[in-house]
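Have a look at the structure below, then the notes.
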Amino acid sequence: MNRSLVVKNGIIVTMNKKREVFKGNVIVENDKIVDVIKGESKESGETVVDAEGGIVVPGLICSHTHLYGILLRGSPLKISPPSDFTQNLQRIWWPMDETMNRDDAYISALTASLEMLRSGVTMFADTFSGPNAIDGVLDYIEKGVKEAGIKGIISFEATQRRNIEEGYRGLEENIRFIKKGGTKVRGMISLHASFTVTDDLIKKAVEERDKLGVPFTIHTSEGKWDLYHNLERYGKRTFERLRDLNALGPRSVVAHAVNVNEDELSIIRETGTNVAHNPLSNMLNAVGTAPVPEMMRMGINVSLGNDGYVFDEFENIRAAYLMHKLNRLDPRVMGFLDVLEMATVNAAKAYGLENVGSIEPGKNADVVVIKPLIRPTPLTESSAYAYLVNSVNSKDVDTVVVDGRVVLSKGVPTTVDLEKVNKKALEMVGNYWERLKTAGEKVEVLKQ
Ligand SMILES: [Zn+2]
């Protein structure tokens with residue numbers, strides 16, 4: 001039978017319930033996987049991708065990113081080096097946020113999407129912050145994401161750190177975009193962090209989460225600022241306050257959860273809240289190590305994000321694999337499959353996405369073919385996990401299929417002319433950097 005697409009001759013890391021790994025073929029009809037065949041197959045396809053004995057994995061899912069973070073790479077900000085996480089926000093992220101306009105949001109979305117696609121990411125969850133570019137900005141981000149050919153859940157990160165009204169405008173932008181509807185690019189509700197939003201805004205955001213049936217995300221306990229803020233003003237630790245405002249639950253994804261105690265871990269588990277772990281960003285900002293081994297032991301759903309720092313998903317997978325071993329001085333606390341689950345099925349569960357995260361009949365045809373150029377040891381069913389976690393990165397990703405469409409072939413995006421994109425980025429980001437040169441430190445605190 002002639003199918004629309006066949007991926008043949010691969011070692012298929014299915015991430016199905018049995019976590020099966022076998023040599024075989026993935027059969028695609030339009031945007032869905034219709035069969036996964038062990039061994040040889042007689043199926044032919046209009047498009048045939050030969051994996052040549054390489055590894056075939058489900059499209060990877062990044063559960064927490066800031067696409068606009070890509071514009072910070074080598075940025076001309078003139079700042080004294082931050083000495084802690086709070087100064088990191090005040091001296092780097094907030095001046096950057098306030099300089100952003102809608103065109104900056106578009107070009108960052110396009111380039112960051114392409115960079116993620118290059119490492120096998122087919123879906124991500126993004127939050128954008130830019131107090132001078134609130135209304136309508138999600139349309140600009142949507143345009144960049146769609147041009148790259150990737151899928152995303154995008155949102156505006158509502159905050160009241162400058163003034164109370166801006167928080168409600170941020171929430172409105174999310175609601176507007178969600179109501180516009182969309183499949184490949186859709187919206188969610190997003191707040192910055194508990195130390196920059198009032199109880200009233202959290203309550204309204206949660207009402208919208210439940211009314212619209214969409215995910216809700218917020219940064220939590222990254223540095224110590226939100227813990228101190230919540231203890232001082234409310235007499236509650238961060239997760240106690242969020243629980244009391246009904247902000248936790250199966251539809252909530254909390255980023256970081258680094259500075260949490262045992263009581264807070266129990267709250268996360270009891271409410272069925274999802275965690276987005278960002279190991280490379282946590283190391284960069286020197287905020288500490290999230291208690292991920294405990295979370296896993298307790299049955300908390302932990303997924304993997306990049307927090308707008310390094311967009312290569314395999315580098316984030318590797319960081320999650322290594323960080324906890326060093327932190328605990330125990331190499332047993334994290335396994336290959338643990339971190340691969342974070343980047344696939346766990347991330348899908350976090351956002352309630354039932355059709356992605358594994359290679360199984362009926363799922364969306366989001367498939368990645370990885371062809372390591374150098375193979376010093378046999379690449380087999382039993383060595384595939386070790387290859388993926390210990391050595392693979394973007395340069396080994398050969399083909400990416402999103403909803404049955406080949407969007408990356410031989411490591412190059414098929415959706416855009418890269419030369420043109422880079423030229424456009426040079427012009428647009430050059431303009432942003434000019435404005436960024438004069439941006440100063442922002443010492444802003446929630447006034448209410
Ligand atoms: Zn973040």
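Whatever order the structure lists them in is the order used to number ligands and atoms, beginning at 1. For the single chain, residues carry numbers from 1 onward in sequence order.
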Minimum heavy-atom separation for Pro95 and Arg91, please, with both atom names.
CG-O, 3.5 Å
Checking Glu434, Glu427, Arg435 against Asn431 for side-chain hydrogen bond (donor to acceptor under 3.5 Å, both in side chains), the one that qualifies is Arg435
Ring-face cation of Lys179 near Phe177 (centre distance under 6.0 Å, axis angle within 45°)
no
Listed once per pair and sorted, the side chain to side chain donor-acceptor pair (under 3.5 Å) pairs that draw on residues 210-224, sequence neighbours left out:
His64-His219, His66-His219, Glu208-Lys211, Glu222-His256
What lies under 2.8 Å from the Zn ion (ligand 1), restricted to protein N/O/S atoms, is His64 NE2, His66 NE2, His219 NE2, Asp307 OD1
Taking everything shown except Glu165 itself, do over 12 heavy atoms lie less than 6.0 Å from its CD?
yes
For Ile153, is there any backbone N or O sitting under 3.5 Å from a side-chain donor or acceptor partner on Arg186?
no
